[in-house]
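We name chains A, B, ... by the order of the sequence lines, and we start the count at 1 in each one.
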There are 2 protein chains.
Amino acid sequence: MKTPKISEAVVRRLPVYLRYLQELQELHIRTVSSYELGQKLDMNPAQIRKDLAYFGEFGRKGIGYEVNYLVEKIKQILKIDRHLNCALIGAGHLGIALSNYNRFTQEKLSIAAIFDNAPDKVGTSVGTLTIQPLDELEQMVRERDILIGIITVPATEAQKVADRLVEAGVKGILNFAPVSLRVPTHVSVRNADLTTELQTLAYYID
Amino acid sequence: MKTPKISEAVVRRLPVYLRYLQELQELHIRTVSSYELGQKLDMNPAQIRKDLAYFGEFGRKGIGYEVNYLVEKIKQILKIDRHLNCALIGAGHLGIALSNYNRFTQEKLSIAAIFDNAPDKVGTSVGTLTIQPLDELEQMVRERDILIGIITVPATEAQKVADRLVEAGVKGILNFAPVSLRVPTHVSVRNADLTTELQTLAYYID
DNA sequence: TAGATTGTTAATCGATTAACAATC
DNA sequence: TAGATTGTTAATCGATTAACAATC
């Protein structure tokens, strides 16, 4: 897979294509054109073709894209065709919600450990997992080959947790805490802060 | 407030500035330069100055920006200086998590009603609210002046809920369901789909 | 005053869109 | 074949960054 230099904008659109293509799969639709995709996703067809063409020639001129094939290709590109273990740090309401949410949607991206320091939470089960104390973070990351940390602790703790995740060897962080994390360049961070989203939305009201 | 044509990229950065400025407020720091902000947020200082300058002249040459003043200004720009009522549709784990999360962070952006159709949930309390059946959505949106809908129902239900929210007069939707919603242009949608975020993150692993 | 830092213009860089030859 | 649709190049558009006069 030759990746000349793909912009984040392109990468962010791939999961959106994938999601819709999977809907088409369920409807047993075999083929789709960039025009149809563009109509449904409210995007420019040229952009869709260009995005996909960064990674290879997946379509057929005069025909369009074969849905099943494109689904597999996008999964490969995103590297979600293989297992990827995540650790969840912070077993509050949001953490529990995510660990459930996760279970029945993407079995390839799975939560392999949950941590919290509250004494009344440690030892409690969440699905098939048991909440562990934060002390055990580093050990578990290594033992269970965890590559992604999902941070759902309070803002004041988030940087400390991020530092420990980085130190333990995690490659990516999904951060739900409302702070800008500082991490080395070899670690990717994505922010999923609800407050920020709501505030952005407020701007567009009226 | 003259707003020539502000790009979404600019609007998305304002809450990030705000968040850090509020941290500075707590530390009783009175003044900050675009250079310092840039250092901390890992952004170009010229960009920060330009972003802010779209909305007015908030700084002082040779000095920088007065923290308290800038916080107030950004709140005004984002329109979070006034109350804004949201409705939450879907009282699953994620919905409950959000309604709690929300309570103690942003009192100006508050959840004013929670809906779910599951018979075992209707009538149950969540904080000070009682879960209501979806039938009552339109009525509540009107009665309680709800301008934003937060969708945390399953993907299959999300478009139906969005249609009803739009019909009831909501101006913005924060969508947690993994589907691309279709709404009229006068309604803003922001997507906060965890799966999409995780998949994007996976691309950057290794 | 001298040093610092803004607001803004101009230069650069990158992303989106249009157009079309290639071809199924 | 004729119509459709890709992959890709070129044109456009927009966003970021650099530079600097204005000025606190």
Side-chain angles (χ1 to χ4, degrees), chain A residues 1-17 20-21 24 29-74 77 180 200 203, chain B residues 1-17 20-21 24 29-74 77 180 200 203:
Chain A
M1 203 120 301
K2 60 225 145 160
T3 46
K5 189 171 275 178
I6 309 297
S7 80
E8 204 197 295
V10 174
V11 179
R12 273 207 319 264
R13 286 191 292 265
L14 296 177
V16 178
Y17 302 151
Y20 181 59
L21 289 163
L24 294 180
I29 291 168
R30 306 186 74 89
T31 264
V32 69
S33 69
S34 62
Y35 174 80
E36 292 169 298
L37 281 170
Q39 285 288 72
K40 192 67 181 187
L41 300 176
D42 207 15
M43 296 175 124
N44 185 304
Q47 181 171 69
I48 296 172
R49 292 200 299 280
K50 196 155 203 284
D51 283 353
L52 297 173
Y54 281 118
F55 304 97
E57 305 200 356
F58 302 143
R60 287 212 292 157
K61 295 185 174 69
I63 309 291
Y65 299 91
E66 210 263 288
V67 175
N68 291 333
Y69 180 71
L70 192 52
V71 163
E72 289 315 307
K73 281 299 173 187
I74 294 179
I77 295 163
S180 295
T200 305
Y203 176 84
Chain B
M1 201 121 304
K2 62 231 146 161
T3 46
K5 189 172 276 179
I6 309 298
S7 79
E8 203 197 296
V10 174
V11 178
R12 272 207 319 263
R13 287 191 292 265
L14 296 177
V16 177
Y17 302 151
Y20 181 59
L21 289 163
L24 294 181
I29 290 167
R30 307 186 72 90
T31 264
V32 69
S33 69
S34 61
Y35 175 80
E36 291 169 298
L37 280 169
Q39 284 287 76
K40 194 65 181 189
L41 300 176
D42 208 14
M43 296 175 125
N44 185 304
Q47 181 171 69
I48 296 172
R49 294 200 298 280
K50 197 154 203 283
D51 283 354
L52 296 173
Y54 281 118
F55 304 97
E57 303 200 357
F58 303 142
R60 287 213 290 157
K61 295 185 173 70
I63 309 291
Y65 298 90
E66 211 263 288
V67 175
N68 290 334
Y69 180 70
L70 193 52
V71 163
E72 290 314 308
K73 281 298 174 187
I74 294 179
I77 295 163
S180 295
T200 306
Y203 176 84

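Checking the phosphate oxygens (OP1, OP2) of D/dG14, no side-chain nitrogen or oxygen of B/Ser7 falls inside 4.0 Å. The phosphate of D/dT6 (OP1 or OP2) has a side-chain N or O of A/Ser34 nearer than 4.0 angstrom. Distances shorter than 4.0 Å separate some side-chain N or O of A/Tyr65 from OP1 or OP2 on D/dG7. The phosphate of D/dT16 has OP1 or OP2 within less than 4.0 Å of a side-chain N or O from B/Arg13.
Rounded to an integer number of Å, the gap from B/Phe58 CZ to C/dT6 P is 14 Å. The distance between atom CG of A/Leu52 and atom P of D/dT8, rounded to the nearest whole Å, is 12 Å. Between the CD1 atom of B/Ile6 and the C1' atom of D/dA15 there is a distance of 13 Å, rounded to whole Å. Here the P atom of nucleotide C/dT6 and the CD atom of B/Glu66 are 14 Å apart, to the nearest Å. Atom pair B/Glu8:CD and D/dG14:C1' shows a separation of 14 Å (rounding to whole Å applied). When rounded to the nearest whole Å, the span between OH of A/Tyr54 and C1' of C/dT16 equals 9 Å. The interatomic distance linking A/Asp42 (CG) with C/dT16 (P) rounds to 14 Å, in whole Å. Between the CG atom of B/Asp51 and the P atom of D/dA15 there is a distance of 11 Å, given to the nearest Å.
In this structure the side chain of B/Ile6 reaches within 4.5 angstrom of the side chain of B/Phe55, judged on heavy atoms. Contact check for A/Ser180 versus B/Val16: side-chain heavy atoms found under the 4.5 Å cut-off. The closest side-chain heavy-atom distance from B/Ile74 to B/Leu52 is below 4.5 Å. Put simply, the side chain of B/Asp51 reaches to within 4.5 Å of the side chain of B/Tyr17, judged on heavy atoms. Inter-residue side-chain proximity for B/Leu14 and B/Tyr54 is flagged as unmet; no heavy-atom pair is nearer than 4.5 Å.
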Base contacts versus sugar-phosphate-only contacts with protein, heavy atoms under 4.0 Å: please encode nucleotides 17-24 of chain C as B, S and - from 5' to 3'.
BBB--BBB
What do the steps show when you test B/Leu37 against B/Tyr20 for side chain to side chain contact (heavy atoms under 4.5 Å, CB included), and what is the final call?
CA-CA 8 Å; B/Leu37 280 169; B/Tyr20 181 59; 3.5 Å; yes
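B/Tyr35 comes within 4.0 angstrom of no nucleic acid atom, judged by non-hydrogen atoms across all strands.
Residues satisfying the side chain to side chain contact (heavy atoms under 4.5 Å, CB included) criterion with B/Glu72, sequence neighbours excluded, are B/Lys75.
Only one option out of A/Lys50, A/Met43, A/Arg49 pairs with A/Gln47 in a side chain to side chain contact (heavy atoms under 4.5 Å, CB included); it is A/Met43.
One finds the CZ atom of B/Arg12 at 13.5 Å from the OH atom of A/Tyr203 (value rounded to the nearest 0.5 Å).
For DNA chain C, runs of at least 3 consecutive pairs of the Watson-Crick or G-U wobble type, with both hydrogen-bonding distances under 3.5 angstrom, map to C:3-24 with D:3-24.
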